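Right, one structure below, let's go through it.
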Amino acid sequence: MKTNYIITSAAFFLLAVMLLATGCKKPKEVEIPTVVMVESSVAVSYNKAWMVADVVNYGGGEITERGFCYGKAGGTLDGQLLVEGGERFTGVLPDLLPSTAYICKAFATNEAGRGFSKEFTFTTMSDTLPLVDTYEVKDITHCSAVLSGQVLSGGGQEVMERGICYGTEMRPTIEGAHVPLGSGEGPFECQLTDLQPETRYYVCAYAVCTKGVYYGDQLAFDTKVLPMEVRTISVSDVTASRVKAEGEVIRDGGLEVTESGFCWGTEHNPTIDGLHTKVGVGVSEYSGYFSGLERGRTHYVRAYAINEEGVAYGDELEFVPYDHFIPWANGALPGLFSVSPDRQVRFSQGNLQYYPDDNIWRFAERQWDFVGGPSLCEGIGDMELGTVYVNGAKCDNTKVGKYYPGWVDLFGWGTSGWDNGNVYYKPYDFASHIYESDAYGPPGNFDLTGDYAQADWGVHNTISNGGSRQWRTPSAEEFLYLLTERHTVSGIRFAMAIVAGVRGMIVLPDDWNASTYYLNEANEFCYYSTNTITGREWLEVLEPAGAVFMPAAGARFQFTGYDGVYFDWFNNEESIDAGLWQIGLHYDPFFVCGSYWTSSQFLDGYPVGVSNAVALKIVTYDMDPLYISGFIVAKIRCKGYSVRLVSDE
């Protein structure tokens, strides 16, 4: 036991020695800082002195105080002025007596103490000398500022010249930039221009007198950043109802650009208080199409951008909507299309549209026209979502209701307005839930033909611009034959394209001549942008030759359910009473879809279910290769899809 005790004692002894050695290690010492007065930058008046000093050595510590102590020569330095700063700091000693000698020391303090500069001796000027005051700097912009000063007294001397001197270095003099502003005592003012943005300037008033030049106090100001700048680059692809514009936000003015786009109208200098459309955000170039134009009348367009400070506009450009319009006979396009081995049809001049408040049906004026509405997808500009206007206001499928005063073009299946014995048959009817889809169209497994032919939009309704022709909705078998089996002179049946800025599918007539217009990737689903066609090219070349364009006009979802799309009810009971529902429209330019109802509830001889009907599906990506199972698919009847009618020859 004794041996163990000795070993343990020795261990404690060694530990104590180690701790003592560690504790005796000296920390790095902090020295008093070293300060010097910058005598060449000192300026003195009759009652003030401008001092400048540098901390040339921090002494290894943190500077906690900077300043100046001062007093009359031969006395104590009982005056103290604390200032802010870094390695260099400045201060103005106030309330000095005229014609008096003073001593001043600069100082800086750290953990080790306060370090002083050498004494600096100066004498204030006589109060009988001229008195000059630098009064104010105001109205500062990115390139200008208004300065004012005053000669309070000439001190018995003649004031031969007075004015403002300025520069980017402290204590400007008349040896540098200056603006003469007359002579004699009194106030004066000037505006400095051609200044640099985001720059600090120093200014002071001056007076040139008989015995020398005298200066007022120095003031400093910072010019602002360059203001937000926008330019309207161009307008192009002008048609009767639609035009493409390009713009650019060149500079954001130091604040986030929260919106950019175009405003237009028939009067000069259009603003966002009138017709306008949002395209993007931030600093960038942007472009897009807008509609709501008056054919043959001069229009004016300007790019715009918005930040916290307000709205900036680009230069005004003008254009005249193209007045070329072919009034196709009875609303039918000139091309003939085989939909079976022994049947040909003509397509309507555009998608079917409905005006609930007046109960009017019509064909769209242009083949690329579609109503659209607000997107459920974030970051989608308004101009991507529709081309149809009424009285300058964009129409909106999400506002469809019995008394809605605008056009809509997405319909539930079989909603022609004819009472087919089911719950929902009016074009403004909507189910409250996905599971009510079987309440649309003829009850049970029936096509929109035979006893239920009146459920077909074209059969039951008079189309206001459809002439005397009998219109109907193509069947699933007819669409399949049209796109996959029929023989054409050119061998081309369809092609994906962007026409007048709208994505969709071109269908070519049986007698199409391939030399009329070359189309890439014919008879293949591919990028929409594979074929990009201007509105004018379409109106002058392709449409007169019989081509049909079916826009990918989106889809309306009006239910909650397992596929994640919501129904935005604002009040169920009031909505029913008013005949007006609020719904969500899905339309995404990176996955642009469009589906067209057929008259069929059967596919390949089999019914697709009482909650479904058959639709033609137009879907492709502009980012990735297309993946799709086929042209024709079963769709839930309560969803809103496009309708394109045909007339038999």
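If you're wondering where the values come from, they're calculated on a predicted model, not measured in any experiment.
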- Query: If you round to the nearest 0.5 Å, how far is CE of M496 from CZ of R503?
  - Reply: 11.0 Å

- Short side-chain to backbone donor-acceptor contact, S595 and Y641, under 3.5 Å: no

- Shortest non-hydrogen contact between D510 and Q344, atoms and distance: OD2-NE2, 2.9 Å

- Exercise: identify the closest heavy-atom pair between G247 and A303: CA-CB, 4.2 Å

- Message: Walk me through whether L293 and F319 qualify under side chain to side chain contact (heavy atoms under 4.5 Å, CB included).
- Response: CA-CA 10 Å; L293 310 176; F319 64 95; 4.0 Å; yes

- Task: Would you indicate whether the side-chain heavy atoms of F337 and V507 approach each other to under 4.5 Å?
- Result: yes

- Query: Do D237 and Y289 have side-chain atoms, one donor and one acceptor, less than 3.5 Å apart?
  - Reply: yes

- Message: Please determine whether the number of non-hydrogen atoms from other residues, nucleotides or ligands lying under 6.0 Å from atom CG of N269 exceeds 12.
- Response: yes

- Message: Within the structure provided, determine whether K617 and K635 are in side-chain contact (heavy-atom separation under 4.5 Å).
- Response: yes

- Test item: side-chain donor near acceptor, T530 and N520, under 3.5 Å: no

- Item | Which atom of W368 lies closest to which atom of V499, heavy atoms considered | CE3-CG1, 3.7 Å

- Item | Crowding at CD, E267 (>12 non-hydrogen neighbours, <6.0 Å) | no

- Message: Quick one: does any side-chain atom of H268 pair with a main-chain N or O of Y300 as donor and acceptor, under 3.5 Å?
- Response: no

- Ignoring hydrogens and angles, tell me if any N or O in the side chain of N465 forms a donor-acceptor pair with the backbone of G331 under 3.5 Å. no

- Donor-acceptor contact present, side-chain S416 to main-chain Q454, <3.5 Å: yes

- Task: Go through the steps for Y440 and D429 under the test side-chain hydrogen bond (donor to acceptor under 3.5 Å, both in side chains), then give the verdict.
- Result: CA-CA 9 Å; Y440 280 80; D429 277 344; over 6 Å; no

- Would you indicate whether the side-chain heavy atoms of F446 and Q601 approach each other to under 4.5 Å? no

- Inter-residue atom distance Y286.OH - S260.OG, 0.5 Å rounding: 5.0 Å

- Task: Dump the intermediate steps for side chain to side chain contact (heavy atoms under 4.5 Å, CB included) on L508 and L519, then the final yes or no.
- Result: CA-CA 11 Å; L508 298 177; L519 293 169; 3.6 Å; yes

- State, without any angle test, whether N351 and Y596 hold a side-chain donor-acceptor pair at a distance under 3.5 Å. yes

- Judged by atom type as modelled, is there a donor-acceptor pair below 3.5 Å linking the side chain of E246 to the main-chain atoms of S234? no

- Task: Answer whether the closest heavy-atom distance between the side chains of Y404 and D396 falls below 4.5 Å.
- Result: yes

- Task: Would you indicate whether the side-chain heavy atoms of L336 and D511 approach each other to under 4.5 Å?
- Result: no

- Is the side chain of R242 donor-acceptor paired with the backbone N or O of A500 at a distance under 3.5 Å, no angle test? yes

- Taking only residues at least two apart or on different chains, which pairs with a member in residues 467-490 satisfy ring-ring contact (aromatic ring centres under 6.0 Å, His included)? F363-W471

- Query: Is N330 reaching over with its side chain to a backbone N or O of G466, donor-acceptor style, under 3.5 angstrom?
  - Reply: no

- Task: Side-chain contact test, heavy atoms from C-beta onward, threshold under 4.5 Å: evaluate it for Q470 versus V459 and give yes or no.
- Result: yes

- Query: Of all heavy-atom pairs between A455 and L448, which one has the smallest distance, and what is that distance?
  - Reply: CB-CD2, 3.7 Å

- Note on the structure: Nearest heavy-atom approach of L333 to V548 is CD1-CG2, 3.8 Å

- Query: Between the side chains of D456 and T473, is a donor N or O closer than 3.5 angstrom to an acceptor N or O?
  - Reply: yes

- Can you spot which of Y355, W407, F411 makes a ring-ring contact (aromatic ring centres under 6.0 Å, His included) with W361? F411

- How far apart are the C-alpha atoms of T449 and R472, what are their side-chain angles, what is the distance that settles it, and do they pass the side chain to side chain contact (heavy atoms under 4.5 Å, CB included) test? CA-CA 10 Å; T449 58; R472 64 179 180 84; over 6 Å; no

- Gap separating the OH atom of Y606 from the CG atom of L603, nearest 0.5 angstrom: 11.0 Å

- Task: For the residue pair W264 and Y389, categorise the inter-ring angle as parallel (less than 30°), tilted (30 to 60°) or perpendicular (more than 60°).
- Result: perpendicular

- Query: What residues form a side-chain contact (heavy atoms from CB on, under 4.5 Å) with A364, not counting sequence neighbours?
  - Reply: Q353, D369

- Query: Strictly by modelled atom types, are S338 and R486 linked by a side-chain donor-acceptor pair under 3.5 Å?
  - Reply: no

- Query: OG/S647 to CZ/R346 distance, rounded to the nearest 0.5 angstrom?
  - Reply: 9.0 Å

- For N420 and N422, which heavy atoms make the closest approach, and how far apart are they? OD1-N, 2.9 Å

- Task: For the residue pair W457 and W597, establish whether any side-chain heavy-atom pair is separated by less than 4.5 Å.
- Result: yes

- Item | Flag if over 12 foreign heavy atoms under 6.0 Å of CG, D451 | no

- Here the gap from Y518 atom OH to N531 atom CG, rounded to the nearest 0.5 Å, amounts to 8.5 Å

- Query: Counting distance only, does the side-chain N/O of N397 pair as donor-acceptor with the main-chain N or O of G372 below 3.5 Å?
  - Reply: yes

- Query: Rounded to the nearest 0.5 Å, what separation is found between the OG1 atom of T534 and the CD atom of E540?
  - Reply: 8.0 Å

- Query: Using a distance-only test with no angle check, is there a side-chain donor-acceptor pair under 3.5 angstrom linking R644 and Q367?
  - Reply: yes

- Query: Are the side chains of V235 and V301 in touch, meaning some heavy atoms are under 4.5 Å apart?
  - Reply: yes

- Message: If you apply the rule side chain to side chain contact (heavy atoms under 4.5 Å, CB included), what do you find for W538 with I506, and how did you get there?
- Response: CA-CA 11 Å; W538 181 266; I506 296 173; 3.9 Å; yes

- Message: Main chain of V610, side chain of D438: is a donor-acceptor contact present, judged purely on distance under 3.5 Å?
- Response: no

